[in-house]
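In what follows, a structure is listed as structure tokens, so that the remarks can point back to it.
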Amino acid sequence: MQRFTDELWRSIEPIFSAILAHPFVQGLTDGTLPEETFRFYVVQDALYLQDYARTLALAAAKAPRAAWCELFAEHAKVALVVERALHDSFFREWGLAPEDVAATPYAPANLAYTSYLLRVAYERPFEEVLGAVLPCYWIYWEVGKHLERTGSPNPLYRRWIDTYASEEYAQVVRAVIDVTEEATADLPESRRALVRQHFVTTSRYEWLFWDSAWRREAWPV
Amino acid sequence: MSTTLLDDLLHEARPLWQRMTEHPFLRDLATGQLPRERFDFWVQQDYLFVQAGIRFLALLIARAPDEELRRGLLDAAVAFRHELTIFEDYARTNGLSLAVDPTPVCLGYASYLLATAATGSLAEALAVLWGAEKAYYDAWVTVRRSLGLAEPYARWIENWTSPQFAAWVDWVGRQLLRTTTALDYDAVRAAFLATARYEYLFWDMVYTRARWPV
């Protein structure tokens with residue numbers, strides 16, 4: 001029988017192709033991405049990860065099994081650790097203090113994406129929260145694997161790519177895919193449709209997040 | 001907290017506020033130049049937004065620390081439900097479907113409201129509520145000044161410029177004042193500005209940000 005998570009992935013294939021084809025992602029591997037654009041991205045990503053950690057903590061609170069609660073509580077911590085690692089490995093090099101990062105306003109796409117995650121995590125049942133958080137895990141893994149094959153002439157970008165192409169990261173993502181598979185196994189189609197809807201929406205937000213960085217998006221007013 | 005907090009917020013947001021209340025959408029609407037399909041598009045999206053607003057109020061009611069706040073918000077939830085009937089009646093009369101997907105701006109703004117009600121401080125959430133309602137009051141008062149209660153907009157104009165609505169906006173402002181402590185100030189300011197930006201974007205999306213790019 002077909003896995004539900006495979007079906008989820010197939011539903012976003014056009015979005016994933018658009019992400020791989022995006023000039024930001026292309027620029028990471030051919031080295032043409034301006035470093036200032038990359039810096040914009042990493043700062044926004046650090047802000048994003050703080051809210052992603054909150055979202056995962058809410059997922060942990062809603063988890064119907066202790067093992068899943070522990071998994072997401074741990075991942076909430078990991079998101080914050082990764083956020084701090086970004087500070088150590090990139091921000092120090094750029095002379096950015098944690099206060100500078102914290103004082104940076106959320107770009108429009110980032111505020112919309114993180115608000116959507118928090119709202120779904122607060123309002124909706126566990127399996128729908130999984131649908132909303134899964135694209136961030138999964139798309140980064142797939143993008144990481146894809147970029148690892150092509151590499152990058154810029155050592156800074158290579159360091160970033162290596163994080164998400166690592167076997168360690170792969171295990172994290174596989175665990176969440178497995179939880180999603182189990183948590184949705186007995187659901188009627190009507191409830192699976194809602195999981196799918198969140199999965200597609202946050203996948204779109206993933207594309208918007210890259211695009212926002214590429215344009216160094218600011219508020220129009 | 002000083003009683004000038006509300007003035008400070010409006011002062012800081014002034015350029016943004018002006019661009020919002022003078023947005024081409026409102027200008028065209030006020031001069032009778034707005035094409036009907038643009039208005040219908042706004043009706044469909046704002047209907048979704050008011051629905052999210054009821055959920056937002058429900059979250060705040062659950063968090064309200066006293067009877068005064070709880071009662072006022074409960075009355076508002078009923079008033080929001082009444083607002084929805086204006087949209088529903090218009091849609092029925094004009095054969096307009098209200099079963100549409102939210103645009104990126106509509107979903108972003110609605111999610112921002114709900115995320116703030118869920119994980120922000122009560123003061124932050126009230127800053128969002130006051131910002132959104134004050135923006136509506138100011139925008140529609142501007143429309144009323146040049147258009148009066150002209151159709152097909154009369155019920156919306158009446159609703160958002162009525163003395164009752166003005167009193168509600170003032171009431172929310174007072175709740176914001178008595179809830180905000182010195183510790184909340186930065187977050188309140190940021191929430192108010194984000195709300196004002198989203199209000200601008202909401203009018204603007206009718207022209208420019210209607211579709212999901214992927």
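For clarity, every value in this text was computed on a predicted model and none was experimentally measured. Residue numbers begin at 1 in each chain, while the letters A, B, ... track the order of the sequences. Basis for what follows: all heavy atoms, side chains included, without hydrogens, waters or symmetry-related copies.
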Aromatic contact between A:Tyr140 and A:Tyr169, with the criterion being ring centroids under 6.0 Å apart: yes or no? no
Is the A:Phe38 to A:Phe90 ring centre distance short of 6.0 Å? yes
Is it true that B:Tyr207 and B:His23 have ring centroids separated by less than 6.0 Å? yes
Chain A contacts, top residue of B:Leu193, B:Asp186, B:Thr119, B:Leu107 (heavy-atom pairs, under 4.5 Å): B:Leu107
Under 4.5 Å heavy-atom distance to chain A, tell me which part of B:Leu59 shows up: side chain, backbone, both or neither. side chain
A:Tyr164 and A:Glu148: side chain to side chain donor-acceptor pair (under 3.5 Å), yes or no, with the steps? CA-CA 9 Å; A:Tyr164 294 104; A:Glu148 194 193 21; over 6 Å; no
Is it the side chain or the backbone of A:Tyr122 that comes within 4.5 Å of chain B heavy atoms, both, or neither? side chain
The interface call for A:Tyr113 against chain B, heavy-atom contacts under 4.5 Å, is neither
Cut-off 4.5 Å, heavy atoms of chain A, and the answer for B:Arg197 is both
Contacting region of A:Ile19 [heavy-atom separation from chain B under 4.5 Å]: neither
Which atoms of A:Pro108 come close to chain B, meaning under 4.5 Å heavy atom to heavy atom: side chain ones, backbone ones, both, or neither? backbone
Quick check on the interface: out of A:Ala121, A:Ala112, A:Ser203, who has the most heavy-atom pairs with chain B under 4.5 Å? A:Ala112
Where on B:Ala196 is there a heavy atom nearer than 4.5 Å to chain A: the side chain, the backbone, both, or neither? neither
Derivation and outcome, side chain to side chain donor-acceptor pair (under 3.5 Å), residues B:Glu124 and B:Thr116: CA-CA 7 Å; B:Glu124 257 179 294; B:Thr116 307; 5.6 Å; no
If you measure from the Lys or Arg side-chain nitrogens to the Asp or Glu carboxylate oxygens, is any gap between A:Arg196 and A:Glu189 under 4.0 Å? yes
Pair B:Phe39 + B:Trp42: ring centers closer than 6.0 Å: yes
